[in-house]
There are 2 protein chains.
Amino acid sequence: METVERLIRSTQELLWERGYVGTSPKAIQIAADAGQGSMYHHFSGKAELAKAAIERSGAELRAAAEEQFTEGTAASRITAYLRRDREVLKGCRMGRLTSDPDVMADPVLRAPVDETFAWIRSRLAEIIAEGKKSGEYPKSLDAAKTAATIAAVLQGGYVLARAANSAEPFDLAIEGLIDLLGAVS
Amino acid sequence: METVERLIRSTQELLWERGYVGTSPKAIQIAADAGQGSMYHHFSGKAELAKAAIERSGAELRAAAEEQFTEGTAASRITAYLRRDREVLKGCRMGRLTSDPDVMADPVLRAPVDETFAWIRSRLAEIIAEGKKSGEYPKSLDAAKTAATIAAVLQGGYVLARAANSAEPFDLAIEGLIDLLGAVS
DNA sequence: GTCTATAGACAGATAGAC
DNA sequence: GTCTATCTGTCTATAGAC
């Protein structure tokens, strides 16, 4: 793999594990097996590298979600998305960045995070709207609200799981939501 | 206020804003208006100070939650808890610590985080169980699952709000959950 | 493109005076 | 209890040789 690619992937991994504040250029270089000069030749610094890594992660996240969003009824697509196999104890690569003050303070770094969640909520809302048309969900169900609730359960599930050092609370939260959604349909 | 108290409160605030990795002893000393020698006289270092701050925050969080948990029907107590005024864009003081690798890696620092969320889920489950007894909720509603879902929506709501730099997704997620809970009761 | 050298600032303490 | 001095290592680059 080429140097630039190794640098971006290593940065993605480190941002996931340790966040922006906790990730040093040195650590990235070691993980990517690239020298100092090499890194600074390809990127102006930590921020530019992080931008590339966050954008890449956002694209990957959307692609992974879209896989569940393509076939089946509205309810089955949402359930498939919720129950998809996830590295629960590692948390969400994108969600964890929201607690990184330096990422949130920099519009360039926050933008891809913002866009990713906006996209997910919007896609979920579309699917719920389809479900209302098909009669799977009642007309009274608010698509935007429900979409936000679904996205929040996933993000919050990660938080509860990491706090407990166990995937159990994540699974409980997901199944609790599926039960509630099943009750209205 | 006394020095020890100022140190703990300043650490609570800094952990909330910048996390453990992003908070330096120096920053704590400045915020607490305490000297280096003074800080190291009262605490062995950053970790011990963080332990005191996290435990304090956990106690405050439980006390704040218990306020909403005391009067009214089960459903009204849960709604009151969900709609309580919160500093949404600052995120959850306890939840943000779950993305701090050094906190999660140290059992002493993770314990109060774990206990706080375990307590909240357990209290919510108790209230839902009461609601089932009183007939507010159907017998088929799983208390542990639903409690996890409620806690997750709050934590995830913070994540979505910070990503969007707006309280709106938080409010949407909360209201979406309240609608779902209303539909089953 | 990649390497090594250098550098100022900060992190996270420790030591000893007062 | 609090203060100042000191210390080792790391952070985040920049500069210039190869």
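Reminder, nothing fancy here: chain letters follow the sequence lines and each chain counts from 1.
Here the P atom of nucleotide C:dT14 and the CZ atom of B:Phe43 are 16 Å apart, to the nearest Å. Rounded to whole Å, the distance from OH on A:Tyr40 to P on C:dA5 is 18 Å. B:Asp102 places its CG atom 13 Å from the C1' atom of C:dA11, with the value rounded to the nearest Å. Computed from coordinates, the A:Leu49 CG to D:dC11 P distance equals 15 Å when rounded to whole Å. The interatomic distance linking A:Leu7 (CG) with C:dG1 (P) rounds to 13 Å, in whole Å. The nearest whole Å value for the distance from the CD atom in A:Glu48 to the P atom in D:dA13 is 11 Å. The CE atom of B:Met39 sits 15 Å away from the C1' atom of D:dC3 (whole-angstrom rounding). Put simply, CD on A:Glu2 is 15 Å from C1' on C:dT2, counting in whole angstrom units.
The side chain of B:Lys26 places no N or O atom within less than 4.0 Å of a non-bridging phosphate oxygen (OP1 or OP2) of C:dA11. For D:dC3, neither phosphate oxygen OP1 nor OP2 lies less than 4.0 angstrom from any side-chain nitrogen or oxygen of B:His41. In terms of phosphate contacts, B:Thr3 brings no side-chain nitrogen or oxygen within less than 4.0 Å of OP1 or OP2 of D:dG1.
Of the candidates C:dA11, C:dT4, C:dT2, C:dT4 carries the atom nearest the A:Gln36 side chain, counting heavy atoms from C-beta on. Of the candidates D:dT12, C:dA11, C:dA13, the closest approach to any side-chain atom of A:Lys46 belongs to D:dT12. Here C:dG1 is the nucleotide among C:dG1, D:dT12, C:dA13 with the atom lying nearest to any side-chain atom of A:His42. Across C:dT2, D:dT2, C:dA13, the shortest atom-to-atom separation from the side chain of A:Ser38 is found for C:dT2.
Salt-bridge check for B:Glu13 with B:Arg93: failed, with every basic side-chain N at 4.0 Å or more from each acidic carboxylate O. A salt bridge between B:Asp102 and A:Arg18 is present, with a side-chain N of the basic residue lying under 4.0 Å from a carboxylate O of the acidic one. Checked for salt-bridge contact, B:Arg123 and B:Glu126 meet the test: a charged N lies under 4.0 Å from a carboxylate O. The residues A:Glu66 and A:Arg62 are annotated as not salt-bridged, no charged nitrogen and carboxylate oxygen being separated by less than 4.0 angstrom. Between A:Arg110 and A:Asp106 no salt bridge is recorded (no basic side-chain N to carboxylate O distance below 4.0 Å).
When heavy atoms are screened at a 4.0 angstrom cut-off, A:Gly37 is found touching base atoms of the nucleic acid.
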